[in-house]
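Notes to accompany the following structure.
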Amino acid sequence: MSKKQVSRRQFLNYTLTGVGGFMAAGMLAPMVRFAIDPVLKPSASGEMHPVVEVSKITNTPQRFEWEVKQQDAWYESMVQKSAWVYVDKNDEIVALSPICTHLGCVVDWSSNEQYPDQFYCPCHGGRYTKDGVNVPGTPPTAPLPIYEHKVEEDMLYLGRAHDRGGGV
Amino acid sequence: MHRGKGMKFVGDSRIPAERKPNIPKDYSEYPGRTEAFWPNFLLKEWLVGAVFLIGFLVATAAHPSPLEQQADPTNASYIPLPDWYFLFLYQFLKYQYAGGDFIVLGAIVMPGLAFGALLLAPFLDRGPERRPTRRPIATGLMLLGVIATFWLTYESVSHVDYEQRSEQYGVKEEGEGPDINTDHPGYAVYEANCLSCHGDTLQGQGSNPSLLKTEKSVEEIKHIAKNGIGNMPSGVFNGSEEELQKLAEFIHSAATGGGKGGEKGSGGEGEGGSDSGSGH
Amino acid sequence: MLQKIYDWVDERMDITPLWRDIADHEVPEHVNPAHHFSAFVYCFGGLTFFVTVIQVLSGMFLTMYYVPDIENAWKSVYYLQKEVAHGQIVRGMHHWGASLVIVMLFLHTLRVFFQGAYKKPRELNWVVGVLLFFVMLGLGFTGYLLPWDNKAYFATQVGLEIAAATPFIGDQIRTLLAGDPEIVGAQTLARFFAIHVFFLPAALFGLMAAHFIMIRKQGISGPL
């Protein structure tokens, strides 16, 4: 008899856990989906913004700034972005993000007299060569991110900055 | 359980080292028929809870929670209504001896007495008798209170049209931006003369109707702008005859759906038309 | 596996007596709807607690998006309801749950009253229960303002006028609630949010704990 009692008790315990689990799931499923929504939202499309006329771009990197309309949920604002833009040896336009991959300072082109043809980060002395690759032995461990770009009617359009793997 | 001499503890803690078996206590000799809370009774309770939850979720999915337009403290035409469980108090204060000069009586003294009596019920109704029929005063007062609350609640909303309210005060999504041609020469005139009452997109607010669905002709709109209609006083519009013409054409074009086009001379249709269309 | 974890914790914490306190009590037949259907009236209290749990959970999740600020409150509610997945459901649960909890509390109160279950020795538990009712009404009142839409704003103004009718200290009470003697605005919303999310829930949890401990100590009142 006692054995039967135990099995009935166990059965009730399992059913109880099941019903409890169902209630918890019914309550929490919509809430959890609600909470993790930002993770599941598709990332914003890589919209391209006009930055500068192609004719103004030279072989020397120049810093250009433009504004992007940023939609942060219910809050809309204009955010300023900037890029170092130049034409490389193959006549390709290169647009580099000025954000140092070390700790997020803003790098400058040949601002340090010792390294005239490099990007220099004033915060910790990080350096990058002209194509944005970090100089070994300086703090950064990855190259500067590169912007998507396209040219339309003599206007340079920039999109999102992409990380390039493989630092030196 | 072991007590006194020879007790052992886990480490230097106060937890006894002796394990107690995790088995239910024995209630077999407990008077009356009973059943164990865990798991027997709780299972039944949770089954009720699960059914309840399903019903609740279905109802929630079927009825989106309402959200009206963003609070606008300058909106003088809004008729406030509290959440339903405060309606009885809201209605009570409308009566002569509960509101106005007697607001202290209606807002503080009477509810204070009622809720105070509720709070102290065990000390007011002290007899040993539990059956409601054997304590007629307590039962009678409670019934009176419940009926009064129900009746006041009913009275307060019997003339309220919730559908109309939600339509009038709700968020109007289709009336936003894109339908309105702000480049139309009449829009500037609208902005100067009408926007403060009829909203920036002609959507109306409070008891000021939306202009988006008006079926009036250009001539009629011109007439109303100058002479008013219903609650709208005359002389709201002050500008030249030319501006008036532009304004009426703008409103007419927005209402007839040609908001983008804003073409001239569409006054032909609806000329002999209805005289309603000013909302409700 | 589970048993091993339990034993490990039990060795250190001695949780078996605690667990048996929660799980071990006999429930009399007269409150069991499986025996006589009319016993369903005893479910109202438990269902009130259940809806309260839903309210606490949905409220916690809503604060992930909601901002108590007059510029953004309405926008954030509109956003979470329209743009966030299941936002409509989660806000709906909190909105309709608020009404449901009042209904259930009302029914539970009537059951206890008409059965005379508040008589000796359960007087204190009734008092705590009525206080819980007041706290719930307070939560309803403060929560009504938070979406910052027209009905919230104007209903709160009426409510504050009623509070201001208190003799002698009416204006002080109103200012204390609204944060300003005249304006119903930024400070009011911040205060109502704090009251709704921290102060009243704290009171609610304390009172609920007292309510349940007393029920557990005294047991359910006998049949009529």
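To find a chain, count down the sequence lines: A is the first, B the second, and so on, and within it residues start at 1.
Counted within 6.0 Å of CZ on F9(B), heavy atoms from surrounding residues, nucleotides or ligands total more than 12; the atom is thus considered enclosed. Within 6.0 Å of NZ in K150(A) there are more than 12 heavy atoms belonging to other residues, nucleotides or ligands. Applying the 6.0 Å contact sphere to CD of E113(A) captures no more than 12 heavy atoms from other residues, nucleotides or ligands. Remark: E153(A) CD is loosely packed, at most 12 non-hydrogen atoms of other residues, nucleotides or ligands lying under 6.0 Å away. Annotation for H63(B): atom NE2 does not count as buried by contact number, only 12 or fewer foreign heavy atoms lying within 6.0 Å. A 6.0 Å sphere centred on CZ of R19(B) holds more than 12 heavy atoms belonging to other residues, nucleotides or ligands.
You'll find the side chain of N40(B) reaches within 4.5 Å of the side chain of R8(A), heavy atoms only. In this structure the side chain of W46(B) never reaches within 4.5 angstrom of the side chain of T15(A), judged on heavy atoms. Residues W38(B) and L12(A) are not in side-chain contact: their nearest non-hydrogen atoms beyond the backbone lie 4.5 Å or more apart.
Contacts between residues 25-38 of chain A and chain B, counted as heavy-atom pairs separated by less than 4.5 Å, involve G26(A), M27(A). Using non-hydrogen atoms only and a strict 4.5 Å limit, no part of residues 82-89 of chain B faces chain A.
Proximity to chain A is limited to the side chain of L57(B), based on heavy atoms less than 4.5 angstrom apart. In this structure, the portions of L47(B) lying under 4.5 Å from any heavy atom of chain A include both its backbone and its side chain.
Atom CZ of F22(A) and atom CD1 of I54(B) lie 4.0 Å apart (nearest 0.5 Å).
The greatest number of non-hydrogen atom pairs below 4.5 Å with chain A, out of G49(B), A36(B), A50(B), is found for A50(B).
Of all non-hydrogen atoms in L42(B) and L16(A), the two that sit nearest each other are C-CD1, 3.7 Å.
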